[in-house]
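Just so we're clear, the structure is a prediction, and the values are computed from it rather than from any experiment. Below, chain A is the first sequence line, B the second, and so on; all start at residue 1.
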4 protein chains.
Amino acid sequence: MSSTAQPRRGNTRQRIQDVALELFAEQGYEKTSLREIAEQLDVTKAALYYHFKTKEDILVSLFQDLARPIDELIAWGETQPPTLEAKKEILRRYSEALAAAAPLFRFMQENQATMRDLSVGETFKSRMMRLLELLKQPEGTMTDRVRCFTAIFAMHAGIFALRDVEGDPEEKQEAILEVATDLMVRAQGVTE
Amino acid sequence: MSSTAQPRRGNTRQRIQDVALELFAEQGYEKTSLREIAEQLDVTKAALYYHFKTKEDILVSLFQDLARPIDELIAWGETQPPTLEAKKEILRRYSEALAAAAPLFRFMQENQATMRDLSVGETFKSRMMRLLELLKQPEGTMTDRVRCFTAIFAMHAGIFALRDVEGDPEEKQEAILEVATDLMVRAQGVTE
Amino acid sequence: MSSTAQPRRGNTRQRIQDVALELFAEQGYEKTSLREIAEQLDVTKAALYYHFKTKEDILVSLFQDLARPIDELIAWGETQPPTLEAKKEILRRYSEALAAAAPLFRFMQENQATMRDLSVGETFKSRMMRLLELLKQPEGTMTDRVRCFTAIFAMHAGIFALRDVEGDPEEKQEAILEVATDLMVRAQGVTE
Amino acid sequence: MSSTAQPRRGNTRQRIQDVALELFAEQGYEKTSLREIAEQLDVTKAALYYHFKTKEDILVSLFQDLARPIDELIAWGETQPPTLEAKKEILRRYSEALAAAAPLFRFMQENQATMRDLSVGETFKSRMMRLLELLKQPEGTMTDRVRCFTAIFAMHAGIFALRDVEGDPEEKQEAILEVATDLMVRAQGVTE
DNA sequence: GATGAATGAGTTTTCATTCAT
DNA sequence: GATGAATGAAAACTCATTCAT
């Protein structure tokens, strides 16, 4: 962090993003004011506006930078054949991507109401729909569809919700992946 | 809705709650202003303060009134023996209770960041912990615990998340319950 | 002005309008901040917003209240036959109406750029067109039309522009009316 | 306008003036920000400060460059004998000078409130007084003085005010000059 | 002849809340 | 059981300006 003395270097934009993500995730988007972000960075509010056009723009930039791996994963997934093995791999990779962008996903999870009328919300929703499409079985029952849905959702929620459950983080993450994979597998209509 | 003409004596408090819940659920807690609530009710902001001490107080009152069935359900659950059948029944009843208080749960689901530093948040969290305790198997593995957790979470999320998936609402609700029950059953240590 | 002690009575709205008009006319619309208005009234900025929805709304209200006589005059003018005598009377009355709402017209005269993109601007422009229509002679030459136009404009400009010319105000006003009337008369097709 | 590609060395100062005048005239001085000017020129705000000390300085420079013909005209007028013929010639030339610097005069006409507390305002006012002095008859009545005043003002206002009146621009300009000349002539006390 | 990064002072506007009536 | 009038604090955002490079 080395904030002693003059940082004044070309990294301000990045630092704004870091602090913003931290505060957005901790307190929520609306409750985080630009004054707060600026103060924590020891710059003026106007400096934020030099780097970002609006408050929302800061959020958008976070998604652009951090959600890319997810996009790439989905794009990759769409090139795969719809085999069980491929689907398992998608979930495995999704679990990793999620862990890498944990604060962002925590933010999304906890600020859904806000996301809804922020441009970035729509974008995300459609991403999820594409992912769902990759995992589900075309002729599956409603129950199967719900299973797939739950698989994805469990991963999202899991990361943060289990924070206050005792246990090793890695172990938890693996357990979540296991449950999700299990749900997805059962959703393939292995019924009979 | 019969909102034409006469203000219908004595039910203002109730009407405030109705409108507040609707707006809180639709737009989020922070983005809903008391002015908005008052305007929609055609009373002044000051009138809200006659009935409730603060904005947060309105929210608290909603939880007090609407989350009671959940509390009662959990309390009832705690009197039951930890059999599979009882656990299934708890989930079944939970599904119903959730449906009955759907807007409130939608609100919670979508405003977690807000809930966190509102007194009512803690209350709710502990409720969930108690519910989890009821469903999980004491010596279960981490994976089993995650299954239980996912079961509950799936029910919460399901109600709203599936809104924009085609299909009959009741069918969806049943499917969700089925998936949740399934998860919980598997979590009972099908180990051997 | 009696601003000693507590004014707190139902006249705040009026007082806001008074001060606003004075400042808008003196410094221009954009250069007058709500802080300034509030300070001069010894209330908070928020108090202004209790009485008016926006800054622009204060201006609109001034027009609504002060430009009414002009509207009525034009409406009356439109009921008159297009005789020379009637047209003279219209100018005479217009001169009076202008004097009565002098600060507002000074404001308009000096803030045309601002008026242009304020809703109230369009309204005013059409008013002027109607007035012009009343005075001009249908088959008049371009020169005649310009004369009518100049007659009206001279009255608008005169009131303020002559402020720093020595001489008795009433005498000036009469002189302006005389010049305007003269212009209008000549515009009636002294063709032959 | 050839604004594609190469920046055309050395003329930036001129380009700033061009864009500034256009925007000042279109939107008013206060509503035009340096950011806007810079953006339209595709340079940074700081570049403007290389060429001009302040925002006001840009405006001052416009007057210095564009109002010179007016100054010269007045200076020339002051060398002429106060004959009717000379006065007519002054008006004729003034009409031309005005047309040549139309956007600047439009700006002045529409931003009087702003002009008033910009150094350049005083300068201009005294110019007008000198012009008035040239046209009026020393012992004229108040009415005569008003006529002279109106003559000048009509020319100022006319150019822009008639923009939305149908008709050929040149014809309009001539009509305005005719009316102004007429007013001035009558102001010479041709009474008897 | 310019830019990149920033600032300080300001703007309009909104909010939850209060209180005398 | 309410309203009318107001406040204090804060929000997001904009602007002219500066200065090291």
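- For A:R68, the salt bridge (Lys or Arg N to Asp or Glu O under 4.0 Å) criterion is met by no residue, not counting sequence neighbours.
- A heavy-atom distance below 4.0 Å to DNA chain E is reached by none of the residues of residues 113-120 of chain D.
- When the side-chain nitrogen and oxygen atoms of D:T12 are compared with OP1 and OP2 of E:dA2, one or more of them lie within a distance under 4.0 Å.
- Remark: D:K31 pairs with C:D117 by the side chain to side chain donor-acceptor pair (under 3.5 Å) rule, at least two apart or across chains.
- Within the structure, salt bridge (charged side-chain N to carboxylate O under 4.0 Å, His left out) contacts touching residues 45-55 of chain C (residues at least two apart or in different chains) do not occur.
- Applying the side chain to side chain donor-acceptor pair (under 3.5 Å) criterion to B:Q40, with sequence neighbours excluded, gives no partner residue.
- A straight line from CZ of A:F52 to C1' of F:dT14 spans 18 Å, rounded to a whole angstrom.
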Below 3.5 Å is the cut-off: list the nitrogen or oxygen pairs between protein and nucleotides 16-20 of chain E, distance only.
{"unit_1": "E:dA16", "atom_1": "OP1", "unit_2": "B:K55", "atom_2": "NZ", "d": "2.7"}
{"unit_1": "E:dA16", "atom_1": "OP2", "unit_2": "B:L34", "atom_2": "N", "d": "2.8"}
{"unit_1": "E:dT17", "atom_1": "OP2", "unit_2": "B:Y49", "atom_2": "OH", "d": "2.8"}
{"unit_1": "E:dT17", "atom_1": "OP2", "unit_2": "B:K55", "atom_2": "N", "d": "2.8"}
{"unit_1": "E:dT17", "atom_1": "O5'", "unit_2": "B:Y49", "atom_2": "OH", "d": "3.2"}
{"unit_1": "E:dT17", "atom_1": "O4", "unit_2": "B:K45", "atom_2": "NZ", "d": "3.3"}

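- The separation between A:L48 atom CG and E:dG4 atom P is 19 Å, rounded to whole Å.
- Evaluation of the salt bridge (charged side-chain N to carboxylate O under 4.0 Å, His left out) test over residues 106-115 of chain B, restricted to residues two or more places apart or in two chains, returns A:R116-B:E110, B:E26-B:R106, B:R106-B:E110.
- When base pairs are accepted only as Watson-Crick or G-U wobble with both N-N or N-O distances under 3.5 Å, DNA chain E takes part in stems of 3 or more pairs at E:2-21 with F:2-21.
- At whole-Å resolution of the value, NZ in D:K31 and C1' in F:dA16 are 18 Å apart.
- For the side chain to side chain contact (heavy atoms under 4.5 Å, CB included) with A:L34, the lone residue among A:I16, A:L48, A:T44 that qualifies is A:L48.
- Remark on DNA chain F: of its neighbouring residues C:R13 and D:E36, the 5'-side contact belongs to C:R13, judged by nearest-heavy-atom nucleotide.
- For the OP1/OP2 pair of E:dG4 and a distance below 4.0 Å, the side-chain nitrogens and oxygens of A:H51 include no atom meeting the criterion.
- In terms of the side chain to side chain donor-acceptor pair (under 3.5 Å) criterion, residue partners of C:S119 (sequence neighbours excluded) are, by chain and number, C:E56.
- Here the P atom of nucleotide F:dA5 and the CG atom of C:D42 are 18 Å apart, to the nearest Å.
- In this view, D:D71 and D:R127 satisfy the salt bridge (Lys or Arg N to Asp or Glu O under 4.0 Å) rule, not counting sequence neighbours.
- For C:I37 and E:dT13, the CD1 to P distance is 11 Å, given to the nearest whole Å.
- Sorted by first and then second residue, the ring pair (Phe, Tyr, Trp, His ring centres under 6.0 Å) pairs with a member in residues 27-53 of chain A read A:F24-A:Y29; sequence neighbours excluded.
- In this structure, A:N11 places its CG atom 14 Å from C1' of E:dG4, rounding to the nearest Å.
- Note: A:L21 CG to A:I37 CD1 = 10.0 Å, rounded to the nearest 0.5 Å.
- Whole-Å rounding puts the B:E39 CD to E:dT14 P distance at 11 Å.
- Between E:dA5 and A:Y50, a contact under 4.0 Å exists linking OP1 or OP2 to a side-chain N or O.
- Remark: B:E22 engages no residue in a side chain to side chain donor-acceptor pair (under 3.5 Å) (not counting sequence neighbours).
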